[in-house]
Amino acid sequence: MQRFSRAGLFTLLAPSFTDIYGHTVFEGHKFKMSLNQWSLWSSYVGDTTAENWWSTFLDLLKKDPGRILQGELDPLDFPKLTREKYDLEAIEIEASLYYGQVNNINYFKEFKKRCEDYGVKSLFISNVWGGNLAGSGNVKPKEVAKNYYKWVDLCEFLGCHSLMVAVNGRTGDREAVKDAATEGLCTLVEYAEKCNIHIIIENHNWYSADPYWLIDIIESVNSTYCKLNVDFGNFCEYGWRNGECYGQHDPYEGVKLLMPFANAVSAKTIQFDEKGNEKNIDYSRMLKIVEESAYTGYLGIEYSGDQFSDHEGIIKTIELINRFNGNPNE
């Protein structure tokens, strides 16, 4: 017998109509949304257009991480901001903003209290800076995995379901990088499982942009505690040059392949047209793929563009998703 998620079954039964842009809208359906902290990146770290900004950021992250916070927002207020400004009930935490506090348990006690005060769930911590588990050569994946143990502990403390780490191999033999990622993940998952925390990886640039490469890793690790964060926009194998993707895999086929392994979904937006559509992602088509999978979790709002302010980009992303929430006039 074919099985449907509750949301998927509802979609089949719900009445639908077509909005003014030709999108199918299911009346009464609700996608749950969370806020990915990366959407507010420049509001935390300040001007990212300065010359050599990226290299300066990486250097500060290693030597004096508190100094990366040069924007107007305080990371401690993330739960309050999420509830009061966007009326969302869940957050996805960007680890780099908290590197300066990682050993300060009182800080995270206060963060947890603010989550509770505002009725906000912490879903996962994204930490792609603690070392690449897909490293090769002199890098030992099992040793890199240990860098993340304290972040697994923090996930457990905050009530998260997952920790996201990086396997973005850029150099080296494709199979060797995959084997290194598998080895590192196996070590990290063994620790995380004891804390009931999942380890998630995501489709990104280079090797990890290939959905088949990622699935091979997940199946090789062979643990229910190793899953994916499925990103709508990261199927660009060789990176971006002047706004153009080189070596892009079909994103719709990629998301369809990855959804059975999803523990989180990143609803990414970068550029909008005059009608409020994402220029490079057909959200009608993409959200239908999510609906038809067994996934029942949150859509993480991740505005990653520079077309609008962080706040405006987040609002536009929420409005875009709300076309499919039975609220076409929002």
E278 and T269: side chain donor to acceptor below 3.5 Å: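 No pair is found: no donor N or O on one side chain lies under 3.5 Å from an acceptor on the other.
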Side-chain donor-acceptor pair present, E94, Y44, cut-off under 3.5 Å: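 The criterion, which ignores hydrogens and geometry beyond distance, is not satisfied for Y44 and E94.
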Exam field: side chain Q307 to backbone F272, donor-acceptor pair closer than 3.5 Å: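 Checking the backbone N and O of F272 against the side chain of Q307, a donor-acceptor pair under 3.5 Å is found.
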Minimum heavy-atom separation for [X] and [Y], please, with both atom names.
X    : Y    : result
I68  : S96  : CD1-O, 3.3 Å
E202 : N234 : OE2-ND2, 3.8 Å
H249 : A209 : CD2-O, 3.5 Å
Y148 : N127 : CE2-O, 3.3 Å
L214 : S208 : CD1-O, 3.3 Å

Parallel, tilted or perpendicular: rings of F111 and Y98 (30°, 60°):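 The arrangement is perpendicular - the two ring planes meet at more than 60°.
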Partner of Y303 by side chain to side chain contact (heavy atoms under 4.5 Å, CB included), out of I318, T317, L35: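 Of I318, T317, L35, side chain to side chain contact (heavy atoms under 4.5 Å, CB included) with Y303 is met by T317 alone.
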Would you please name every residue forming a ring pair (Phe, Tyr, Trp, His ring centres under 6.0 Å) with [X], sequence neighbours left out?
X    : answer
W129 : W54, F57
F308 : none
Y86  : H311

If you define the side chain from C-beta out and look only at heavy atoms, does anything of [X] sit under 4.5 Å from [Y]?
X    : Y    : answer
I91  : Q37  : no
W41  : L97  : yes
L40  : F78  : yes
I301 : I321 : yes
Y191 : D153 : yes
L258 : F235 : yes

Tell me every residue that passes side chain to side chain donor-acceptor pair (under 3.5 Å) with [X], counting only those two or more places apart in sequence or in another chain.
X    : result
D64  : none
Y118 : none
D47  : T49
K194 : none

In terms of heavy-atom contacts, does [atom1] of [X] have more than 12 from other residues, nucleotides or ligands at under 6.0 Å?
X    : atom1 : answer
E190 : CD    : no
E51  : CD    : no
D306 : CG    : no

Sole candidate of S162, S122, S34 that passes side-chain hydrogen bond (donor to acceptor under 3.5 Å, both in side chains) when paired with E92: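 So the option named by the test is S34.
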Working for side chain to side chain donor-acceptor pair (under 3.5 Å), residues S42 and D310: CA-CA 7 Å; S42 61; D310 292 348; 2.8 Å; yes
Residue pairs passing the salt bridge (Lys or Arg N to Asp or Glu O under 4.0 Å) test where at least one lies in residues 225-236, sequence neighbours excluded: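 Residue pairs with at least one partner in residues 225-236: D231-K268.
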Pairwise salt bridge (Lys or Arg N to Asp or Glu O under 4.0 Å) hits with a residue in residues 214-225, at least two apart: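 Checked against salt bridge (Lys or Arg N to Asp or Glu O under 4.0 Å) - neighbours excluded - the pairs reaching residues 214-225 are K178-D216.
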Under-4.0 Å salt bridge between E143 and K146: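 Salt bridge present between E143 and K146.
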Axial cation check for F157 ring with K112, 6.0 Å and 45° limits: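 Verdict for F157: a cation-pi partner in K112.
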Partners passing side-chain contact (heavy atoms from CB on, under 4.5 Å) against K32 (at least two apart in sequence or in another chain):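 side-chain contact (heavy atoms from CB on, under 4.5 Å) list for K32, sorted by chain: Y298.
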Under the side-chain contact (heavy atoms from CB on, under 4.5 Å) test, residues paired with D77 that sit two or more places apart: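 In terms of side-chain contact (heavy atoms from CB on, under 4.5 Å), with neighbours along the sequence ignored, D77 is linked to D74, R114.
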Test salt bridge (Lys or Arg N to Asp or Glu O under 4.0 Å) applied to E253 - qualifying residues, sequence neighbours left out: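 Result, salt bridge (Lys or Arg N to Asp or Glu O under 4.0 Å) vs E253: none returned.
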Test of ring centre spacing under 6.0 Å for W151 and Y99: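 Yes, the ring of W151 comes within the 6.0 Å limit of the ring of Y99, centre to centre.
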Y283/F232 aromatic ring centres below 6.0 Å: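 Here the rings of F232 and Y283 have centres that are less than 6.0 Å from each other.
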